[in-house]
Amino acid sequence: MVKKATQDRAYITSIGTVAAGRVSVNKAYKMYVGGAFVRSESGRYFQVEASAIAGSADPEVVNIPLGSRKDGRDAVLVAKNAHEPWAARTAYNRGQILYRLAEVLESRRSELTSSLTRAGSTAAEALSEVSASIDRAVYYAGFCDKISSLVASHNPVSGPHFGFTMPESMGVVAIVAPEEPALLGLVSTILPVIASGNTAVVIASRRDPRTAVVFCECLATSDLPGGVVNVLTGDASEIAPHLAKHREVNAIDTWSADDALRTLLEREGSGSVKRVRSHDGRACAALRDEDGQGLGFIEKFLEFKTVWHPVGI
Amino acid sequence: MKKDITKAGKAQLARTQKPSLDFGSAWEYAPSPESTDHVKLQAQYGLFIGGKWKAPKSKKYFATISPSTEQKLAEVADAGAADVDDAVKAARSAYDTYWKKMPGKERAKYIFRIARALQEKAREFAIVETMDGGKPIKESRDLDVPLAAAHFFYHGGWADKLDLAFHGRKVRPLGVAGQIIPWNFPLLMAAWKIAPALAGGNTVVLKPAETTPLSSLMLAQIIEEAELPPGVVNIVTGAGQTGAALASHKDVNKVAFTGSTEIGKLIQRNLAGSGKKLTLELGGKAANIVFADASIDQAVEGIINGIYFNQGHVCCAGSRLLVEESVHDLVVKKLRDRLSTLRVGDPLDKNTDVGAINSREQWERINELVAAGEAEGGERYTAPCKLPSKGFFIAPTFFTGVSMSSRIAREEIFGPVLSIMTFRTAEEAIEKANNTMYGLSAGVWTDKGAKIFWMAQRLKAGVIWGNTFNKFDPSSPFGGYKESGFGREGGRQGLSAYVEVL
C-alpha cells in the first residue's frame with residue numbers, strides 16, 4: 001500500500017543511523033518492458049514495506065514504479081511487435097527457452113525465497129512456492145510442442161477435400177496477475193499464455209511487486225526475446241481498463257479484480273470483441289495445487305484456424 | 001428434351017452482342033420453378049414454448065413476406081419479454097427435470113430423430129427456406145437443408161462421447177442456452193446452434209431472425225413430432241427486442257449469437273459481469289487472393305461462388321478480391337464474361353443462380369454502399385440482366401480500382417458486390433488481406449502448395465480455403481479471429497462452446 005505521510009515517519013527514524021561494517025548496495029526495482037528494466041514514464045512510485053528479516057541487509061521499504069496508462073500502451077506496442085517473431089519460432093525452440101527459465105529460477109531459488117518471505121510468507125511456504133514455480137516452468141517447457149498434437153484435428157468432411165484445424169496464438173494477452181501467490185501466480189498465468197506463441201502484458205501483484213521484479217530478472221536471463229513478457233507494477237484498476245480498451249490487445253486474463261473492475265474490463269473489452277477471461281479468488285488459490293496447471297490454461301488463449309483444400313489429380 | 005434450333009437461333013440473333021462465354025445458347029432455358037403445391041404453411045404461427053404452441057402474451061403478430069414476390073407468407077408471433085421469460089422458464093424446468101439427468105446415449109437418439117425428420121421433409125424445407133428468405137432453390141436444396149440435417153446427425157454422435165472429447169477430462173452442460181440467429185441461412189444456423197447445445201446436455205431458447213422465421217417454426221414442428229421432452233427446445237419469434245430480452249435474461253447461462261459485429265459488441269457489452277458464457281459469430285470482409293500462377297478459370301469459378309453465392313448474404317463471403325497485378329486484366333475480363341451467364345431471378349426456379357435480396361432494408365443498404373463505391377471513385381460493372389419487376393433484386397456487381405480505404409473495401413456489404421484490388425508480392429497480399437477488423441475467412445488461389453501453406457499461416461482468419469471457397473461441414477470448425485467473433489462451431493473444437501470442461 002502507498003504509505004501515508006504519518007506512517008512514513010517510522011522509517012525516518014533510522015536516518016542518521018550509521019551502518020555497522022560494509023554499506024550495502026540497494027536494488028532499484030523497475031518494471032520490465034521490451035526486455036529492459038524501466039521506470040514509469042510518469043515518474044510516480046509507490047512504496048512497499050517488508051517484514052523485517054533478522055540479519056537481512058535489505059531495506060525495509062522500497063520504491064516501486066507506479067505504472068501509468070502510457071506505460072501500458074508502451075508495453076502493448078512492444079508486445080505486439082514481439083508477437084510475430086515469437087509465434088514464428090518453432091514450438092521446440094519456445095520449449096527450450098522456457099526450460100532455460102526453469103534453470104535460472106532454480107539458480108535464483110534463494111533470492112526468490114527471501115523475496116517471498118519479505119512479503120510475509122513463512123520460510124517453508126516460500127520454499128514450497130518457489131519449488132512449485134520451478135516445476136511448473138518445466139511442465140510448460142515440455143508442453144510447447146505438444147499443444148498442437150492435442151488440440152488440432154483432421155476434419156473428416158464429406159467431400160473431396162482435405163481439411164484440418166490447427167491452433168494459433170491469439171496475439172497480445174493482458175494479464176492482471178493474482179495478488180497471491182505472487183510468484184507461482186505469475187508463473188502459472190504467464191507461461192501457458194506464451195507457450196503457444198502469445199506475448200503478454202502483465203500487471204504484477206500490488207502486494208508483492210518485488211518478487212515480480214526478481215522473476216523478471218530471471219526472464220531477462222533466460223534467452224526470452226525482449227517484449228514477449230512485459231511486467232508492469234502499479235494499480236490494476238488504473239492500467240487494466242486501458243488495456244481492455246486497447247485494440248492491439250487480443251485477450252485479457254483477469255485474476256485479481258473486484259467485481260466492479262472485472263465487469264468494467266469485460267465491458268471495455270467488448271469494443272474490440274476481446275477474448276475476456278475472468279477468475280475469482282478461489283481460482284487464484286487453486287493455482288497452488290496440481291489443478292493450477294494444464295492444457296485448459298493454454299487452450300483459453302488459442303485461436304483455431306481451419307484450412308480446406310480440394311483433393312484430386 | 002429436344003429444342004427448336006431455329007427459335008433458339010433467332011433468340012440469339014436478337015441479342016445485341018454475342019456473349020463471350022457460350023453456355024449452350026442453342027437452348028433457351030424455360031422457367032423451371034419448384035412446385036410449392038404440397039407445402040403446408042399455416043396462416044399464423046404461435047410461439048413454441050414448453051412443447052406447446054402458445055399465443056404470445058404480447059398479443060402481437062407480424063407478417064413474414066417472400067422477398068421475391070413481396071407477398072405475405074404467414075403471420076408469426078412477436079414475443080415480448082414475458083414470452084421470453086416463459087420460454088426460459090420452460091427451458092430451465094426441462095433442464096432440471098430431465099435433460100441434465102438423461103444419459104448421453106438417450107439424448108443422442110432424440111438428436112438423430114431430428115436429423116432423420118429433416119431428411120424426410122427436405123424438399124418442403126428447401127421450398128419454404130427459399131420462399132421466406134429469397135435464396136435460390138438449388139442452394140437451399142443442395143446445401144442448407146442437407147447440411148442442417150448433417151449437423152444434427154454429427155452432433156447426435158457426440159452426445160454420449162463428451163468424456164472423450166477433452167482428453168479424458170469430464171464435462172458438464174452449461175444449462176439454458178439463449179441463441180439468436182441471422183436470416184442468411186435460417187435453418188442451417190438453427191441447426192448449428194441447437195445441435196451442439198443439445199449434444200452438450202443443454203436446453204435451448206432459440207430466436208430466429210424476423211425476416212426468416214418459418215423454417216425454425218417448421219423445425220419446432222419436427223421437434224414436437226420427434227417427441228423431445230417439452231421445453232428442451234423452445235422457439236420464440238420476434239425482432240431485435242426479443243433477442244435482447246433473451247440475451248439479457250437472468251436465467252440464461254449461455255448466449256450464442258450469429259449476426260452483425262455491431263450487435264455482437266452490444267451483446268458482449270451488456271453481458272459484462274454477468275458470468276454468462278458467450279460465443280459470437282459476427283461479420284467478415286474476407287480476402288480472396290488470386291496469384292498469377294493459379295488456375296485462372298478455376299479461380300474465377302471460386303470468385304463467383306465466393307461472392308455471389310446466396311446473393312452475397314454470407315458472413316464469410318469473399319468480398320475483397322486481391323488479384324496479382326499481372327493477371328488483373330485477364331481475371332476481370334473473365335469475371336465480366338462469367339457474370340453475364342449468371343441467372344438472376346425467381347429463387348424457386350431451379351436454374352436461378354442469384355435469388356432475391358432478403359429484405360427491403362438490406363436491399364437499400366446494399367444500394368447505398370454501391371453508390372458509395374461509385375462516389376469514392378471505384379469503377380462499377382454490373383451484369384446486364386433483366387431483373388423481375390417485383391421483389392428485391394440486385395444484379396451481380398463488381399468494382400475495380402478500389403482503394404483500401406474506401407467503404408466498399410472496409411465495410412461488410414452482405415450483398416452481391418465484389419471489390420477488386422491488386423497486389424504485387426505475397427507479403428503485400430498478406431498485409432492487405434489482414435488490414436481489416438474482421439478475420440472470419442480467406443481464400444488463396446495458387447498452383448504452388450508451399451505458397452498456400454505460407455499464406456495460410458499468415459492470414460489472420462478462422463477459415464482458409466485453398467483453391468476452393470465457401471465449403472462447410474459439421475466436422476469442420478468454423479469461426480472468426482478478431483472482430484469476427486470468438487468460439488467455433490462444428491468439430492470437436494466447437495463442442496467447448498456448450499460444455500464446461502472440469
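The candidate with the highest count of non-hydrogen atom pairs below 4.5 Å against chain B, out of A:Leu295, A:Val157, A:Val307, is A:Val157. Annotation: maximal heavy-atom pairing with chain A below 4.5 Å, among B:Phe486, B:Trp465, B:Tyr481, occurs at B:Tyr481. Residue with the most contacts toward chain A among B:Gly491, B:Ala461, B:Gly264: B:Ala461 (heavy-atom pairs, distance under 4.5 Å).
Atom NZ of A:Lys146 is surrounded by more than 12 heavy atoms from other residues, nucleotides or ligands within 6.0 Å. Residue B:Glu428 qualifies as enclosed at atom CD: its count of foreign heavy atoms under 6.0 Å is above 12. Within 6.0 Å of CZ in A:Arg73 there are 12 or fewer heavy atoms belonging to other residues, nucleotides or ligands. Other residues, nucleotides and ligands contribute more than 12 heavy atoms inside 6.0 Å of the CZ atom of A:Arg277. Shown here is A:Tyr99, whose OH atom has no more than 12 heavy atoms of other residues, nucleotides or ligands within 6.0 Å. Atom NZ of B:Lys161 is surrounded by more than 12 heavy atoms from other residues, nucleotides or ligands within 6.0 Å. A 6.0 Å sphere centred on CD of B:Gln119 holds more than 12 heavy atoms belonging to other residues, nucleotides or ligands.
For chain B, the nearby part of A:Val276 is the side chain; its heavy atoms alone come within less than 4.5 Å. B:Leu282 touches chain A through its side chain: at least one heavy atom from C-beta onward sits under 4.5 Å away, while N, CA, C and O do not. For chain B, the nearby part of A:Phe164 is the side chain; its heavy atoms alone come within less than 4.5 Å. Contact annotation for A:Arg262: neither backbone nor side-chain heavy atoms come within less than 4.5 Å of a heavy atom of chain B. In this structure, chain B has no heavy atom under 4.5 Å from any part of A:His154. Residue B:Phe453 touches chain A through its side chain alone, counting heavy-atom pairs closer than 4.5 Å. For B:Arg458, the part lying under 4.5 angstrom from a heavy atom of chain A is the backbone only. For A:Ala152, the part lying under 4.5 angstrom from a heavy atom of chain B is the backbone only. Interface residue A:Leu150: backbone and side-chain heavy atoms are both found under 4.5 Å from chain B. Looking at A:Glu84, there are no atoms closer than 4.5 Å to chain B (heavy atoms on both sides), in backbone or side chain.
For the pair A:Lys305 (side chain) and B:Ala456 (backbone), a donor-acceptor distance under 3.5 Å is present. At distances below 3.5 Å, at least one donor-acceptor pair connects side-chain atoms of B:Arg488 with backbone N or O atoms of A:Phe304. Looking only at distances, a side-chain donor or acceptor of B:Gln268 sits under 3.5 Å from a matching main-chain atom of A:Lys274. Panel note: side chain B:Thr468, backbone A:His309; no donor-acceptor pair is recorded below 3.5 Å. With B:Lys265 contributing its side chain and A:Gly271 its backbone, the two residues share a donor-acceptor pair below 3.5 Å. Side chain of A:Glu266 to main chain of B:Gly273: a donor-acceptor pair is present (N/O by atom type, distance under 3.5 Å, no hydrogens or angles).
Between B:Asp473 atom CG and A:Asn155 atom CG the span is 8.0 Å, to the nearest 0.5 Å. Expressed to the nearest 0.5 Å, how far OG1 of A:Thr263 lies from CG of B:Leu271 amounts to 11.0 Å. Expressed to the nearest 0.5 Å, how far CG of B:Leu278 lies from OG of A:Ser270 amounts to 10.0 Å.
Side-chain atoms of B:Gln493 and A:Ser153 form a donor-acceptor pair, as typed in the model, at a separation below 3.5 Å.
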Audit row: B:Arg492, A:Val151, side-chain contact (heavy atoms from CB on, under 4.5 Å) steps and yes/no
CA-CA 9 Å; B:Arg492 185 196 67 81; A:Val151 302; 3.8 Å; yes
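For A:Val273 against B:Gly485, the heavy-atom pair with the smallest separation is CG1-CA, 3.9 Å. Between A:Pro310 and B:Gly466 the shortest heavy-atom distance is CD-O, 3.0 Å.
Electrostatic pairing of B:Glu483 and A:Arg247 counts as a salt bridge here, judged by a charged N lying under 4.0 Å from a carboxylate O.
Using a 4.5 Å heavy-atom threshold, the side chains of B:Val463 and A:Trp308 count as touching.
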